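Everything numeric in this text was worked out from a predicted model, so none of it was measured. Numbered from 1 within each chain, the chains take letters A, B, ... in sequence-line order.
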Amino acid sequence: MPSVDSSLIRNFCIIAHVDHGKSTLADRLLEHTGAVSQREMKAQFLDDMELERARGITIKARAVVLYHERNGNLYELNLIDTPGHVDFHYEVSRSLACCEGAMLLVDACQGVEAQTVANALAAMEHELAIVPVLNKIDLIQARIDDVTQEIEHTLALEAEQVLRVSAKTGVGVPALLDALIDRIPPPQGDPDAPLQAMVFDAHYDDYRGAVTYVRIMNGTVRKGQKIRLLRGATTYEVLELGQFAPHRRACQELTVGQVGYLICNIKSLENVHIGDTVSVPGDQAAPPLPGYKPPQRMVYCGLYPSDGQEFSVLRDALTKLSINDPSFEFTPESSEALGFGFRCGFLGLLHMEIIQQRLEQESDVDLVQTAPNVTYEILTKKGEMLHIHRPQEVPDSGDIEEFRQPVVRVNLLQPTEYIGGVMTLCQDRRGIQVRTEYLSPTRAMLVYDLPLAEVIYDLHDKLKSVTRGYGTMNYELIGYEPADLVRLDILVNGKRVDALSFICHRIDADRRGRAVVKKLKGEIERHMFEIAVQAAIGARIIARETVPAMRKNVTAKCYGGDITRKRKLWAKQREGKKRMKSIGSVDIPQKAFLAVLDTGEGNK
Amino acid sequence: MNRRFETPRAAYVHVPFCRHHCGYCNFTVIARRDDLVDRYLQALAIELASLARPREVESLYLGGGTPSHLSPAQLCELLGRLREWFVPAGSFEFTLEANPVDMLPDRLGVMREFGINRISLGIQSFLPDKLAALERDHRQPEILRALEHVRGHVGNVSIDLIFGVPGETEDCWRRDLETLIAVRPQHVSIYGLTIERGSRFFGRVRKNQLKRLDDETERAMYLTAIDTLASAGYEHYEVSNFALPGFRSRHNEAYWTGRTYEAFGPGASRFVAGRRETNHRSVVTYLRRVMAGESPVAESEQLEPEDAARERLVFALRRIEGIDKQEFLAETGFRVHDLGGPALERFVAWGLLEDTPQTLRLTRDGLVVSDALWPEFLRQ
């Protein structure tokens, strides 16, 4: 165990856009400092969730300690890995609070991206020392001077300060380690003061209970001592403590400035609050640290088991997931069309997609997902304020005084040649331009205020297509604003399908309504009778499509050898039908419930 | 008495050989391997010997493939062997499926000699373009000559026609039906072309080289056939089958009414003692197994009484006259309405089934979409 002198500790995180090589660089640092042997090395060591590795993105924060010897001193470098995607901004802010420095990693080919700007600004607001690093300098497409200039323009960092590395080849890594030690200040704090530690993450271990990730701000924590989690005023005994190197490695104490873990026989993650302060029981307790802002769920959708019998299986699976991901929430709900299920809140669309994939991978439940929507506010004529998490909750239009929707400020970064296209995209979604910034002669950032609903549906995909993949975006909620919104209902053979209702702007209602019924017509198979698919606002029908009745469906040959085969085929079809949702006598396939995502842009 | 356990009084023999493997066919056939015929005849003799003693049958059916593809000498051997094991009973029906070009006096002479009394001709169409599309090797002159020869030797003829061939119009189909009626066979089978997995056409449809006709046209063609044949005096007695009075296929009726039947040859299916079995579809594997003294059966299942009843319900409903409810109950032990449940009531309400105190039958509207009804009556 190295002597722990807080002047030899450096705590830092890496801020980077998806694909800019953060995990590869982290791997290289681990390798360079000997934390991981070559033999142990598997690509992207930090991303140990299967899904993270599969998608090449980081979802949860990680912490790992590196030891680096320089001039006879052994430095302890704590790397706190952070997710790069906008949906996980919440996790980023948690990491920032535990660091004195941030490595700002920018791809020398791609340049500065919207997410990088947002996270770098957040790091600056936390008064962290920023170490800007250009990655992938070994590639021939690298635009080293241009991108250095972009960093200088957007973030007001000195060009001379920008380091150049290749995470792939390892070029520049020794200089980077030097810069981390030289530029990032050591942690402050009093080792003799009462214990004060920040809980910045936790995970659940089936054998040990909650594993709490902490950064010691003041004082020292020792094995066997009693600690108190201030928020719940709960007291525990420290059974084990240590650091991630990168596997869990136990030690006797953690002192001021160090980052590590505590295992205290906490049976449930519900008892560990991220952002909480760890101190000692009794009068000597340190004051609580300022906590984090709780995560804000931006997107909601319904998740239903396609087989109603599996409700409790789904509930168990959701509970299990939410234990390790407190940013995800769920509450039971029911729908006439889909039966019993859950309304689930997510940080964003990617978060939603990831949760859904994990549910499917980790449990065996076949899911029906309804189209995602945002939370609206409705002020009723009676003066009540309603928070609408699902379209079915919208009251009659006569009872609504004001219908408000969440508005976000969106930063869109792209090469200047695409500015026109991106502006059109934002204007079509009722965006209000805030400003335009030129990062360099060839790259510009547009800032728009846009309804969140417009952003979550497809803005990211559309931005990628308008900018040939070069555009990036990032957004934050700025508040709620009144808008002319309506609830659009979908009727199948005259019967309203509650799970298909959605909220949209009145001006878009016709287009959206037409697009959705058309899409549904394509999804619903022909039945033995004609099916009317209609879109309606209140009692007024605004669009209609007809699924014609089946005209011919009869097996011609049915002799001795065909009987078994046909019987099995027809019996199988019956099973297939069971998986669909029956509305009246109409069987609606599961993916039809996402049809309301069709914006009808193609038919404009 | 439950028919599932009676001693079979019908037998099917599969003859897999063909001159050419047509693009729409996914049956157990083998083209250009006539070298295997002798081994096949030996294997069949071994399989027949499993009967242990001769059986009385009311029908024997030789299907394929193309049974008529065998040479007169080979036919002699095959038919002779069958007559050793099967003793005609009742109004014995002995059918052989034939390709028109094979209908030459020498073969027909052999057939008559061994008691074949019904020929099922795979004509498919009288129109040259349609026959070319179906990859058939005969044209109208060969058909007419074949009919003349068949009538001179056997008399009782069934003709198969196909509709819904890519490129076919409703007018083409009407002309085919007119020619058919002028020829006036005793029995007609009308098949909407189905392009199934395993056929070459299936691959071409997937690659967009072949386009299926739309449902509306196929429906119109099917209904035209039903009406045209009815007005020409043919009884429509099963989805695809029509007959002049007294000429229904007794063999096929056994399949549809839950009777038992024996079967021999590669890919052949039998229903004996409540058990469905199918021989291996590969001709070579069939030969190898039988020659080695092994069972040629590739798949088999014992049907639970309820599943047997459900199956019976479906296949009997495909017969136009429908189901006699009392008879169904007596023979299966299940009530039609108990098996059909609410789905049955729904189909009656929608006018797809006609329900009278005595019978349950498909309506014309129900007939054309009947495949959509069957899943509701079966269970997995």
Heavy-atom contact with chain A under 4.5 Å, split by part of [X]:
| X | answer |
| --- | --- |
| B:Leu223 | neither |
| B:Glu196 | side chain |
| B:Tyr261 | side chain |
| B:Asp365 | neither |
| B:Leu193 | neither |
| B:Arg270 | neither |
| B:Phe377 | backbone |
| B:Ser370 | both |
| B:Val314 | side chain |

Among B:Trp256, B:Phe347, B:Tyr61, B:Tyr12, who wins on heavy-atom pairs under 4.5 Å with chain A?
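The candidate making the most pairs under 4.5 Å is B:Trp256.
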
Evaluate side-chain contact (heavy atoms from CB on, under 4.5 Å) for B:Phe163 paired with B:Tyr222, printing each intermediate quantity in order.
CA-CA 8 Å; B:Phe163 67 90; B:Tyr222 183 43; 3.7 Å; yes

Select one option (side chain, backbone, both, neither) describing which atoms of A:Phe529 are under 4.5 Å from chain B's heavy atoms.
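Looking at A:Phe529, just its side chain touches chain B.
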
Structural part of A:Met528 lying under 4.5 Å from a heavy atom of chain B:
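When you check distances to chain B, only side chain atoms of A:Met528 fall under 4.5 Å.
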
Applying side-chain contact (heavy atoms from CB on, under 4.5 Å) to B:Glu253 and B:Tyr237, what does each step give before you reach the verdict?
CA-CA 10 Å; B:Glu253 290 271 61; B:Tyr237 71 102; 4.0 Å; yes

Which residue in the set B:Arg248, B:Arg318, B:Arg319 passes salt bridge (charged side-chain N to carboxylate O under 4.0 Å, His left out) when paired with B:Glu238?
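Filter result, single survivor: B:Arg318.
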
Measure centre to centre between the rings of A:Tyr304 and A:Phe593, then say whether the value is under 6.0 Å.
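Judged by ring-centre distance (under 6.0 Å), A:Tyr304 and A:Phe593 do not meet the cut-off.
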
Using the benzene-type ring in the case of Trp, are the ring centres of B:His14 and B:Tyr286 under 6.0 Å apart?
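For B:His14 and B:Tyr286, the ring centres are not under 6.0 Å apart.
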
Once the angle between the rings of B:Phe242 and B:His236 is folded into 0 to 90°, is it parallel (under 30°), tilted (30 to 60°) or perpendicular (over 60°)?
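Rings of B:Phe242 and B:His236: parallel, as their planes differ by under 30°.
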
Flag, side chain of A:Ser335 to backbone of A:Ala337, donor-acceptor distance under 3.5 Å
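Answer holds: yes.
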
Would you say A:Asn373 and A:Arg343 are linked by a side-chain donor-acceptor pair, where the criterion is simply a distance under 3.5 Å?
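Yes - a donor-acceptor pair under 3.5 Å links their side chains.
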
